[in-house]
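Structure record follows, encoded as C-alpha cells.
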Amino acid sequence: MTRTTQLMILVVLFALFSLLYQGLWGDPRHIPTVLVGTRAPVFEGPDVETGEPLSSERFKGKVILVNFWASWCQECKIEHDNLLRLHDEYKDHPEFVMLGINYQDEPPKARAYLQRHGSSFSHVRDVNGTLAIDFGVYGVPETFVIDKNGVIRHKWIGPIVDDVYANLTQNVLTPLLEG
Amino acid sequence: MDETEIDQRVREIAKTLRCTVCQTETLWESGAPLAQQMREAIRTRVSQGQTAEEIRAYFHGRYGDYIMMAPPKEGSNWLIWVAPFLLLAVGGALLWREVKRWVTRTPALQVESPPPLDEESRRRIERELQP
C-alpha cells in the first residue's frame with residue numbers, strides 16, 4: 001500500500017468519525033433550524049402578569065419578535081436589559097410587536113422575575129410546554145422573528161448580546177419593518 | 001383506544017425519537033423536563049387518533065433530522081447508513097490483501113533430503129537389523 005493510499009484512508013476515516021461525533025454529541029445550537037422559512041405556529045396562553053388569554057392571532061400582519069425565557073435561566077438574565085432596549089427602540093413602530101414566552105416556569109417566580117428585572121412587553125405562559133415544542137425549542141433563551149406574512153425569518157439560540165443584538169436589529173428587524 | 005394501548009403506542013413512538021437536550025437518549029428513556037413534555041405531546045396526539053407517522057412528521061417538522069433516532073434515508077444521510085458497511089468492506093479487502101501478501105512473503109518450509117548413505121553405514125544397518 002502506498003503512502004498516498006494510507007493517507008487517503010486516514011482522511012476518509014477522520015471525516016466519517018467527525019460526522020458521527022457531530023451527529024451523536026454535537027451541540028444542537030450549531031445545527032441549522034428547519035423552521036426558518038416555514039409558517040410560524042399560532043400560539044396562545046395566559047398573560048404571565050395579568051392571567052388574561054393572549055393569542056398571536058391578535059398580531060396578524062405584524063413583525064413579531066418572540067423570546068422564550070424562564071426565571072431560572074441565567075442566560076436570560078444576561079440578555080434581559082438588551083430585550084428591554086430592543087423593545088424601546090422599536091416600540092413606536094406600528095408594525096412591530098414583541099412577546100415573551102415563559103417556558104417551564106412557575107407563575108409566581110416568573111412574575112417576580114419581571115418585577116425585579118423590568119417588563120415593557122407582554123409575556124405568554126407556556127402552560128404545558130407545547131408552545132416550545134411547536135417552535136422546536138431546545139432550551140432558553142431562544143428568539144424568533146416572524147414576518148408580516150406569518151413566516152419565521154430568523155431564529156437565535158442563546159442570549160441576545162453584543163454582535164447578536166446588532167445583527168438582529170440591523171440585518172433582521174429593520175429590513176423586515178422597512179420592507 | 002384504552003389507556004394500555006395508548007401507553008404502548010406512546011412508548012413505540014417515543015423510542016424512535018431522540019431527546020433534544022440529552023442527545024444520546026431516546027425520548028422514552030430521558031428524564032429531562034422537555035422530554036417529559038414531548039411524551040405528553042405524543043400522548044395527546046395518539047389520543048386524538050393521529051398515526052405514528054403523523055406524530056413523527058410533526059416532530060421532524062420542528063426539530064429536523066436531529067430528533068430522529070434513525071435518520072431518514074435521503075440526501076447526505078445515506079452516508080450514515082452506508083458508511084459502516086463501506087468501512088467493513090474496505091477494511092476486509094485491505095486485511096485480505098495484507099494477509100495474502102504476508103503468506104506469499106513467508107518462505108515455504110524446506111524439507112531437505114538426507115545425504116546419500118555410504119556403503120559402510122548401509123552394511124552396519126543391515127548387520128544390526130539381522131536377527
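Reminder, nothing fancy here: chain letters follow the sequence lines and each chain counts from 1. Predicted model only: the values in this text are computed from it and were never measured.
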Report task. Answer yes or no: is there a side-chain heavy-atom contact under 4.5 Å between B:Leu94 and A:Ile9? Result -> yes
Query raised in the report: Going by heavy atoms in the side chains, are A:Ile133 and B:Leu34 under 4.5 Å from each other?
Result: yes
**Report entry** Heavy-atom neighbours of B:Glu119 CD exceed 12 at 6.0 Å
**Finding:** yes
Requested in this report: Locate the shortest heavy-atom distance separating B:Gln37 from A:Asn128; write the atom from each residue and the value.
Outcome: CG-O, 3.7 Å
Report summary line: Whatever's closer than 4.5 Å to a heavy atom in chain A on B:Leu87 counts as side chain
Requested in this report: State whether the number of non-hydrogen atoms from other residues, nucleotides or ligands found under 6.0 Å of A:Glu44 atom CD is greater than 12.
Outcome: no
Requested in this report: For atom CH2 of A:Trp156, decide whether the heavy atoms of other residues, nucleotides or ligands shown that lie under 6.0 angstrom number more than 12.
Outcome: no
Query raised in the report: Any side-chain heavy atom of A:Asp134 within less than 4.5 Å of one from B:Tyr58?
Result: yes
Query raised in the report: Are any side-chain N or O atoms of B:Tyr63 and backbone N or O atoms of A:Val137, one a donor and one an acceptor, separated by less than 3.5 Å?
Result: yes
Query raised in the report: More than 12 heavy atoms of other residues, nucleotides or ligands under 6.0 Å from CZ of B:Arg122: is that the case?
Result: yes
Query raised in the report: When you look at CG of B:Asp2, are more than 12 heavy atoms from neighbouring residues, nucleotides or ligands closer to it than 6.0 Å?
Result: yes
